[in-house]
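Before any comments, here is the structure.
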Amino acid sequence: MKRILVTGGAGFLGSHLCETLLGQGNEVLCVDNFFTGSKRNVEHLMSNPAFELMRHDVMFPLYVEVDEIYNLACPASPVHYQYDPVQTTKTSVHGAINMLGLAKRVGAKILQASTSEVYGDPEVHPQPESYWGRVNPIGVRSCYDEGKRCAETLFFDYWRQHQIQIRVVRIFNTYGPRMHPDDGRVVSNFIVQALRGEPITIYGDGTQTRSFCYVDDLIEAMIRMMAKDCAGPINIGNPGEFTMLELAQRVLELTGSKSEIVFFPLPADDPRQRRPDISVAKQVLGWEPKIALDEGLIRTIRYFERVT
Ligand SMILES: NC(=O)c1ccc[n+]([C@@H]2O[C@H](COP(=O)([O-])OP(=O)(O)OC[C@H]3O[C@@H](n4cnc5c(N)ncnc54)[C@H](O)[C@@H]3O)[C@@H](O)[C@H]2O)c1
């Protein structure tokens, strides 16, 4: 049995990760400041004696004994990370320093939940890990993008300088149950709007594309990555590419909603296209996503029907 720390464990991805790690017989310490996460996301785990929940902000050092650390603490949706951008950068950078310091002290392996946003608005499609990205350093998304880039830098410098066992995964759009209903991310947005019978809001003309990975596929890849002797970075996502208009139409069909589609101007620095090249994940982790968009959407719609 391993003792595993999950920062941001009460958030969307973190709560699924805690659940899976517990299911595999590990002890899990979930650390969260509840900025975007909530106790509700992990309340079904509370009665498990192998689970512990701690309110803590990763901007401050943490002294615990663990074998592995998954560092997920960071608001992930533009609405949340732009709410207090200075705090967002601090969470990424100070959080990485504190968790790497902990890994160094106790000799733990540490995985960073990085992001496809490190590629910015890319000129290369799909994006391989070797692509350095095209990020605006002073825009409204920079607190997140540059914060995550700096965190990656710290991980690789701790690795080179202190021989810490690091793992870096670059996560592309992931969706599923326990996403925030009002965080502005496109899948939850469309589903909630469709279920409420409100207009479905598309920013831009709807031809910009995204790829969507179902949460269970992502969690499996993260756990495989931790077990591999490979620092990464490795892209994790679903290479299936859909336009916003196609996504809206799938959601309308699967919910049976009569909502109309309305168009608004594209926000600043919004990438036109985003799709992972997952050849490294296939080769190194023997992983590729299994859950098709319709199946994942159905599971997510069922969740939102219960909670909204
Ligand atoms: N969901 C995605 O599509 C996606 C894509 C790329 C990267 N990621 C990364 O995965 C991680 C989890 O994302 P998510 O989608 O679950 O988002 P989320 O907002 O649901 O989860 C983030 C969690 O971190 C916690 N948190 C934020 N600041 C903190 C701090 N200073 N100290 C302690 N806890 C803090 C929040 O309360 C929340 O529980 C993030 O690091 C995010 O950048 C997610």
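Indexing begins at 1, ligand by ligand and atom by atom, following the structure's order.
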Heavy-atom contact under 4.0 Å between [X] and ligand 1?
| X | value |
| --- | --- |
| Arg178 | no |
| Lys148 | yes |
| Gly95 | no |
| Thr7 | no |
| Lys90 | no |
| Tyr144 | yes |
| Glu117 | no |

Any side-chain to backbone donor/acceptor pair from [X] onto [Y]? Under 3.5 Å, distance only.
| X | Y | result |
| --- | --- | --- |
| Arg167 | Lys228 | yes |
| Thr7 | Ala73 | yes |
| Tyr70 | Ala113 | no |
| Arg170 | Ser114 | no |

Shortest protein heavy-atom distance from [atom], along with the residue and atom involved:
| atom | answer |
| --- | --- |
| atom 7 (C) of ligand 1 | Ser114 O, 3.4 Å |
| atom 11 (C) of ligand 1 | Leu72 O, 3.3 Å |
| atom 44 (C) of ligand 1 | Leu13 CD1, 3.6 Å |
| atom 4 (C) of ligand 1 | Ile171 CG2, 3.9 Å |
| atom 1 (N) of ligand 1 | Arg185 NH1, 2.8 Å |
| atom 37 (O) of ligand 1 | Asp32 OD1, 2.6 Å |
| atom 38 (C) of ligand 1 | Thr36 OG1, 3.1 Å |
| atom 31 (N) of ligand 1 | Asp57 OD1, 2.8 Å |

Side chains of [X] and [Y]: does their closest heavy-atom pair fall under 4.5 Å?
| X | Y | value |
| --- | --- | --- |
| Pro276 | Ser211 | yes |
| Phe190 | Arg250 | no |
| Leu102 | Leu5 | yes |
| Gln208 | Leu266 | yes |

Checklist entry - Going through the distances and angles, do Glu152 and Lys148 end up as a salt bridge (charged side-chain N to carboxylate O under 4.0 Å, His left out)? => result CA-CA 6 Å; Glu152 285 200 11; Lys148 288 285 189 179; over 6 Å; no
Would you mind finding which of [options] brings a heavy atom closest to [atom]?
| atom | options | answer |
| --- | --- | --- |
| atom 13 (O) of ligand 1 | Ala76, Gly147, Ser77 | Ala76 |
| atom 29 (C) of ligand 1 | Asn41, Val215, Val58, Asn33 | Asn33 |
| atom 24 (O) of ligand 1 | Ala151, Cys74, Cys213 | Cys74 |

Can you sort out which atoms of ligand 1 are near [X], meaning under 4.0 Å from one of its heavy atoms?
| X | answer |
| --- | --- |
| Gly37 | 36 (C), 37 (O), 38 (C), 39 (O) |
| Gly11 | 20 (O), 21 (O), 38 (C), 39 (O) |
| Phe34 | 37 (O) |
| Ala73 | 24 (O), 33 (C), 34 (N), 35 (C) |
| Gly8 | 23 (C), 24 (O), 25 (C), 39 (O) |
| His56 | 32 (N), 33 (C) |

Checklist outcome for this item: The single option from Leu29, Val31, Asn98 that satisfies side-chain contact (heavy atoms from CB on, under 4.5 Å) with His56 is Val31
Checklist outcome for this item: To the nearest 0.5 Å, atom CG of Leu62 lies from atom CZ of Arg105 at 8.0 Å
Checklist entry - Would you say the side chains of Asn189 and Tyr203 form a donor-acceptor pair under 3.5 Å? => result no
Next on the checklist: Taking distance alone, with N or O pairs closer than 3.5 Å, would you say Phe35 contacts ligand 1?
Outcome noted: yes
Next on the checklist: For Arg149, is there an ion pair with Glu146 - N to carboxylate O distance below 4.0 angstrom?
Outcome noted: yes
Item to check | Considering all heavy atoms, the nearest Gly206-Phe263 contact | outcome: N-CE2, 4.4 Å
